[in-house]
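Just so you know, ligand 1 is whichever comes first in the structure, and atom 1 is the first atom listed for that ligand. No experiment lies behind these values; they were computed from the predicted model shown.
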Amino acid sequence: MQSGREVAFFLPVVCTDRGQHKRRLLTVARRELDGSGGMSSALEWFAPPMGAEAEPRSLIGRDSYIFACPSCSRKPQINRAKWWNLVDEAGRARLRELDLSLLPF
Ligand SMILES: [Zn+2]
């Protein structure tokens, strides 16, 4: 019997600007065993995809997560499907965290 939602893993998402500044935690991605997921601190250091409600030219993406590191000027924008693929890969590889500044975009 399954009782409630069980978490498969948590993945802290950080920025270090490739080692240029102190490790900065932006959010924690959470993957649940039923395949759903979420991220903490929405709208603080990242904006989730907002679909049709996204205003043109606003910081909110329609299909993308947009991260904004407060310690450097990095503002990576990542397609929703691509982002969760990355999170799952990191989870399978048992990475302790994901450093956005080391990703190739
Ligand atoms: Zn940064």
Side-chain angles (χ1 to χ4, degrees):
M1 282 264 293
Q2 287 276 30
S3 60
R5 282 138 74 102
E6 291 183 62
V7 172
F9 60 85
F10 289 104
L11 183 69
V13 178
V14 306
C15 177
T16 63
D17 197 16
R18 297 176 190 254
Q20 306 285 313
H21 67 64
K22 243 179 82 185
R23 181 179 171 281
R24 179 87 199 202
L25 182 68
L26 300 182
T27 179
V28 178
R30 181 186 75 249
R31 182 56 106 182
E32 284 157 21
L33 290 179
D34 66 2
S36 61
M39 300 210 284
S40 66
S41 316
L43 301 181
E44 198 174 353
W45 307 123
F46 81 92
M50 296 293 273
E53 284 177 41
E55 300 272 338
R57 289 196 305 262
S58 79
L59 281 180
I60 312 278
R62 283 171 183 263
D63 299 306
S64 301
Y65 288 94
I66 300 174
F67 298 87
C69 175
S71 299
C72 66
S73 56
R74 254 170 226 287
K75 210 177 264 179
Q77 183 169 335
I78 308 167
N79 174 271
R80 181 208 300 260
K82 202 169 152 187
W83 171 249
W84 285 103
N85 277 340
L86 268 172
V87 168
D88 284 339
E89 273 174 31
R92 275 194 295 273
R94 300 188 181 278
L95 295 189
R96 288 175 53 201
E97 62 187 23
L98 193 60
D99 187 339
L100 286 178
S101 66
L102 299 179
L103 297 175
F105 37 73

Inset, instruction - Spell out, yes or no, whether Leu100 and Phe9 are grouped together once hydrophobic residues are joined by side-chain heavy atoms under 4.5 Å, including indirect joins. - result: yes
Inset, instruction - Kindly compute the distance separating NE2 (His21) from OG (Ser101), expressed to the nearest 0.5 Å. - result: 6.5 Å
Inset, instruction - Report the distance from atom CZ of Arg30 to atom CD of Glu32, rounding to the nearest 0.5 Å. - result: 4.5 Å
Legend entry - Metal site the Zn ion (ligand 1), protein N/O/S atoms found under 2.8 Å: 4
Can you list, pair by pair, the side-chain donor-acceptor contacts under 3.5 Å of residues 87-96, counting residues two or more places apart and other chains?
unit_1, atom_1, unit_2, atom_2, d
Asp88, OD1, Arg31, NE, 3.0
Asp88, OD2, Arg31, NH2, 2.9

Legend entry - Side chains of Arg18 and Leu102 in contact at under 4.5 Å (non-hydrogen atoms): yes
Inset, instruction - Mind telling me whether Tyr65 and Phe46 have parallel, tilted or perpendicular rings, with 30° and 60° as the class edges? - result: tilted
